[in-house]
Amino acid sequence: KAGVTQTPRYLIKTRGQQVTLSCSPISGHRSVSWYQQTPGQGLQFLFEYFSETQRNKGNFPGRFSGRQFSNSRSEMNVSTLELGDSALYLCASTPRGGSFTDTQYFGPGTRLTVL
Amino acid sequence: QKEVEQNSGPLSVPEGAIASLNCTYSDRGSQSFFWYRQYSGKSPELIMSIYSNGDKEDGRFTAQLNKASQYVSLLIRDSQPSDSATYLCAVNSFSGGYNKLIFGAGTRLAVHP
């Protein structure tokens with residue numbers, strides 16, 4: 001079974017621009033979570049989507065948004081990029097989410113650099 | 001107080017030794033605990049999950065959970081240079097009725113020949 005895929009793998013943007021990242025979960029998985037990983041803050045939860053609905057949200061500004069499509073693929077968008085948004089953005093999928101036994105499987109990540 | 005705390009390391013152990021990685025968490029309602037390994041420049045990969053107090057063994061890895069002390073650990077026996085990586089502890093937390101994972105900052109392990 002194919003793993004979680006993320007595109008693009010690398011991205012370079014300038015301040016003020018916006019960016020859209022894509023994530024395709026493992027086949028059959030319906031829950032997708034997004035994380036930001038930086039050297040200083042570690043892995044931080046952005047939001048989770050299930051059945052096209054945002055179910056959970058972390059403490060990030062409104063510039064960070066996401067959505068999920070009917071095929072469970074998810075996108076996240078960051079508007080008005082700031083230098084501090086440079087990070088590795090990770091997507092993780094689980095079969096259904098919502099259960100404490102759910103295991104999250106990570107994609108390879110998108111490395112975003114903001115200049 | 002951080003929700004999930006880990007010693008950042010680096011933890012340096014000789015090849016063949018036991019590496020002991022520790023994690024404490026603040027949410028007493030947490031029910032699931034995960035250890036992920038992350039190589040430099042790569043994404044986290046799951047090593048083990050544990051839900052009940054006690055030990056859980058999988059090959060060279062043993063996870064230990066003590067909910068009363070809010071403590072979870074990972075032991076790596078017969079450490080190999082290929083085990084050199086950052087180990088992330090993750091703990092579930094219910095927020096708004098739904099489950100999410102809170103990660104520690106990770107412990108960097110270096111296994112030297």
Side-chain angles (χ1 to χ4, degrees), chain A residues 3-7 9-10 21 23 25-26 29-51 53-60 66 87-113, chain B residues 1-10 23-25 27-53 56 58 63 65 67 72 85-108:
Chain A
V4 179
T5 59
Q6 292 186 246
T7 57
R9 294 292 311 280
Y10 302 91
L21 312 181
C23 170
I26 293 170
H29 286 196
R30 296 171 62 194
S31 168
V32 173
S33 296
W34 288 90
Y35 295 85
Q36 180 196 65
Q37 188 174 37
T38 59
Q41 297 296 318
L43 234 166
Q44 292 192 292
F45 173 77
L46 279 157
F47 28 65
E48 184 223 357
Y49 285 87
F50 178 80
S51 290
T53 300
Q54 186 182 90
R55 216 164 45 168
N56 224 332
K57 191 177 189 304
N59 296 323
F60 278 82
L88 179 66
Y89 290 88
L90 292 159
C91 163
S93 76
T94 67
R96 57 192 182 281
S99 168
F100 72 91
T101 59
D102 283 340
T103 297
Q104 296 203 5
Y105 298 93
F106 285 88
T110 294
R111 173 74 62 184
L112 171 65
T113 301
Chain B
Q1 180 189 7
K2 290 185 179 179
E3 295 177 85
V4 179
E5 294 207 48
Q6 297 180 255
N7 189 319
S8 62
C23 171
T24 58
Y25 59 95
D27 184 355
R28 285 197 170 275
S30 295
Q31 297 174 281
S32 55
F33 309 85
F34 304 87
W35 283 100
Y36 285 83
R37 176 175 62 196
Q38 186 174 25
Y39 292 111
S40 180
K42 302 295 186 183
S43 63
E45 58 177 327
L46 180 71
I47 298 176
M48 293 189 69
S49 59
I50 185 167
Y51 311 118
S52 304
N53 279 330
K56 179 181 178 182
D58 184 359
L65 174 62
K67 290 185 180 180
V72 59
T86 296
Y87 289 80
L88 302 170
C89 171
V91 176
N92 88 297
S93 174
F94 279 101
S95 172
Y98 294 103
N99 187 55
K100 68 176 182 181
L101 281 186
I102 307 296
F103 283 81
T107 297
R108 191 156 55 92

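Below, chains carry the letters A, B, ... as their sequence lines are ordered, and counting in each starts from 1. On a predicted model such as this, the values are computed, not experimentally measured, just so you know.
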Asker: Can you tell me how far CG of A/Leu46 sits from NZ of B/Lys100, rounded to the nearest 0.5 angstrom?
Answerer: 10.5 Å
Asker: Taking B/Leu88, B/Leu46, B/Leu101 one by one, which has the highest count of heavy-atom pairs under 4.5 Å against chain A?
Answerer: B/Leu101
Asker: If you compare all heavy atoms of B/Ser43 against all heavy atoms of A/Pro108, which two are closest, and at what distance to 0.1 Å?
Answerer: OG-CA, 3.8 Å
Asker: Which atoms of B/Gln38 are under 4.5 Å from chain A, going by heavy atoms: the side chain, the backbone, both sets, or neither?
Answerer: side chain
Asker: Could you have a look at B/Gly104, B/Gly106, B/Pro44, B/Ser49 and say which one has the most heavy-atom pairs with chain A under 4.5 angstrom?
Answerer: B/Pro44
Asker: So what's closer than 4.5 Å to chain B heavy atoms on A/Phe106: side chain, backbone, both or neither?
Answerer: both
Asker: With rounding to the nearest 0.5 Å, note down the distance linking CZ in B/Phe103 to CD in A/Gln37.
Answerer: 9.0 Å
Asker: Please state whether the side chain, the backbone, both or neither of A/Leu43 comes within less than 4.5 Å of a heavy atom of chain B.
Answerer: both
Asker: Does any heavy atom of chain B fall under 4.5 Å from the side chain of A/Thr103, the backbone, both, or neither of them?
Answerer: both
